[in-house]
Amino acid sequence: MLHTMEISTSKRDELRDITREVISYVKKSGVQNGIIVVYCPHTTAGIAINENADPDVKHDVLMRLDEVYPWEHPKYRHAEGNTASHLKSITAGPSQSIIIHEGALLLGRWQGIYFCEFDGPRRRQCYLKIIEG
């Protein structure tokens, strides 16, 4: 089972909580046990799992990524001018795998799944693949 999720982002850097959408897809699938892979096919975006209880965490993560990977740097050579977004994407990674147990995602109490936009705003896709087992 493969599902394409359409995502519209509104900022250059944005952590968009997609947990509810992923949970909804798992419930609709009827799969009770297995793994869901959440995959981002973009080189300037990624997928992360982190705290989703306190919105300040998203702010702090994006702030720190900007400090580590500034948008402009005198030694950047990439002609498109978005080297920072590529570096942030590498840091976040392109996918996450989450265990499905008894029809539910095995996420920690405070965890959420994020689509990480680093070169927006854009229309993006993310793929959800369930592997039963």
Side-chain angles (χ1 to χ4, degrees):
M1 293 179 247
L2 180 68
H3 175 71
T4 303
M5 183 187 311
E6 299 291 331
I7 299 170
S8 292
T9 61
S10 59
K11 300 174 187 167
R12 182 177 73 191
D13 291 313
E14 180 178 348
L15 299 182
R16 171 104 178 276
D17 186 349
I18 60 170
T19 309
R20 285 190 177 134
E21 292 97 325
V22 176
I23 289 170
S24 175
Y25 180 67
V26 169
K27 286 184 179 180
K28 286 179 188 173
S29 77
V31 171
Q32 291 299 299
N33 295 291
I35 293 174
I36 185 164
V37 178
V38 182
Y39 173 73
C40 171
H42 305 287
T43 61
T44 58
I47 304 294
I49 294 176
N50 212 297
E51 180 178 331
N52 71 348
D54 182 348
D56 288 338
V57 171
K58 293 192 300 187
H59 169 272
D60 294 349
V61 168
L62 292 174
M63 177 194 66
R64 195 67 182 106
L65 284 171
D66 277 342
E67 291 172 356
V68 174
Y69 306 118
W71 195 253
E72 295 182 20
H73 190 285
K75 294 184 181 179
Y76 287 162
R77 298 167 98 182
H78 182 47
E80 289 181 33
N82 62 351
T83 296
S85 62
H86 290 283
L87 294 168
K88 292 174 186 180
S89 172
I90 289 168
T91 300
S95 67
Q96 294 290 325
S97 299
I98 303 109
I99 296 169
I100 302 167
H101 180 69
E102 297 178 355
L105 296 180
L106 281 186
L107 289 170
R109 179 179 190 155
W110 307 112
Q111 287 182 318
I113 306 164
Y114 289 97
F115 182 87
C116 307
E117 174 65 75
F118 300 121
D119 196 21
R122 292 182 187 241
R123 290 188 53 104
R124 303 282 201 167
Q125 293 80 39
C126 145
Y127 298 109
L128 308 178
K129 174 73 173 175
I130 295 178
I131 303 162
E132 287 189 77

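Residue numbers start at 1 and run along the sequence shown.
Hydrophobic clustering (side-chain heavy atoms under 4.5 Å, transitive across Ile, Leu, Val, Met, Phe, Trp, Tyr) groups Val68 together with Val57. Under the 4.5 Å side-chain contact rule for hydrophobic residues, Ile49 and Tyr25 share a cluster. Cluster membership for Ile7 and Ile98, using ILVMFWY side-chain heavy atoms within less than 4.5 angstrom, is shared. No path of Ile, Leu, Val, Met, Phe, Trp and Tyr side chains, each step under 4.5 Å between heavy atoms, connects Val31 with Val37, placing them in separate hydrophobic clusters.
Taking both residues in full, the closest heavy atoms of Trp71 and Tyr76 are given as O-CE1, 3.6 Å, listed atom of the first, atom of the second, then distance. The heavy-atom pair separating Pro94 from Ile47 by the smallest distance is O-CG1, 3.6 Å. Across every non-hydrogen atom of Lys58 and Leu15, the tightest pair is CD-O, 3.4 Å.
Between Asp13 and Leu65, the closest side-chain pair of non-hydrogen atoms is not below 4.5 Å. Proximity of His3 to Ile130: side-chain heavy atoms (C-beta onward) are nowhere separated by under 4.5 Å. Inter-residue side-chain proximity for Phe115 and Met5 is flagged as unmet; no heavy-atom pair is nearer than 4.5 Å. Annotation: side chain of Lys129 is not in contact with side chain of Ile36 (no heavy-atom distance under 4.5 Å). In this structure, the side chains of Ser85 and Tyr69 stay at 4.5 Å or more apart for every pair of heavy atoms.
With rounding to the nearest 0.5 Å, the separation of CG in Asp60 from CG in Asp54 is 8.0 Å. Within the model, atoms CG of Asn52 and CG of Leu107 stand 8.5 Å from one another, a figure rounded to the nearest 0.5 Å. Rounding to the nearest 0.5 Å gives a distance of 8.5 Å between CD1 of Ile18 and SG of Cys116. Here CZ of Arg12 is found 11.5 Å from OG1 of Thr44. Values are rounded to the nearest 0.5 Å. A distance of 12.0 Å separates CD in Glu132 from CD1 in Ile35, rounded to the nearest 0.5 Å. For the atom pair CD1 of Ile100 and NZ of Lys27, the computed distance is 12.5 Å after rounding to the nearest 0.5 Å.
Atom CD1 of Ile99 is surrounded by 12 or fewer heavy atoms from other residues, nucleotides or ligands within 6.0 Å. Within 6.0 Å of atom CD in Glu6, more than 12 heavy atoms from other residues, nucleotides or ligands are found, so the atom counts as buried in its surroundings.
Aromatic ring pairs are classed by plane angle as parallel below 30°, tilted from 30° to 60° and perpendicular above 60°; the pair Tyr127 and Tyr39 is parallel.
Under the 4.0 Å criterion applied to side-chain N and carboxylate O atoms, Asp119 and Lys88 are not assigned as salt-bridge partners.
Side-chain atoms of His73 come within 3.5 Å of backbone N or O of Lys75 as a donor-acceptor pair. Side-chain atoms of Asp17 never come within 3.5 Å of backbone atoms of Tyr114 as a donor-acceptor pair (strictly under, hydrogens ignored). Ser29 contributes a side-chain N or O that, together with a main-chain N or O of Val26, makes up a donor-acceptor pair within less than 3.5 Å. For Thr19 (side chain) and Ile113 (main-chain N/O), a donor-acceptor pair under 3.5 Å exists by modelled atom type.
For the side-chain hydrogen bond (donor to acceptor under 3.5 Å, both in side chains) test with Glu117, the passing option among Arg16, Arg124, Lys11, Arg122 is Arg124; the others fail.
A donor-acceptor pair shorter than 3.5 Å cannot be found between the side chains of Gln111 and Glu51.
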CA sep, side-chain torsions, deciding dist, call: Phe118, Thr43, side-chain contact (heavy atoms from CB on, under 4.5 Å): CA-CA 9 Å; Phe118 300 121; Thr43 61; over 6 Å; no
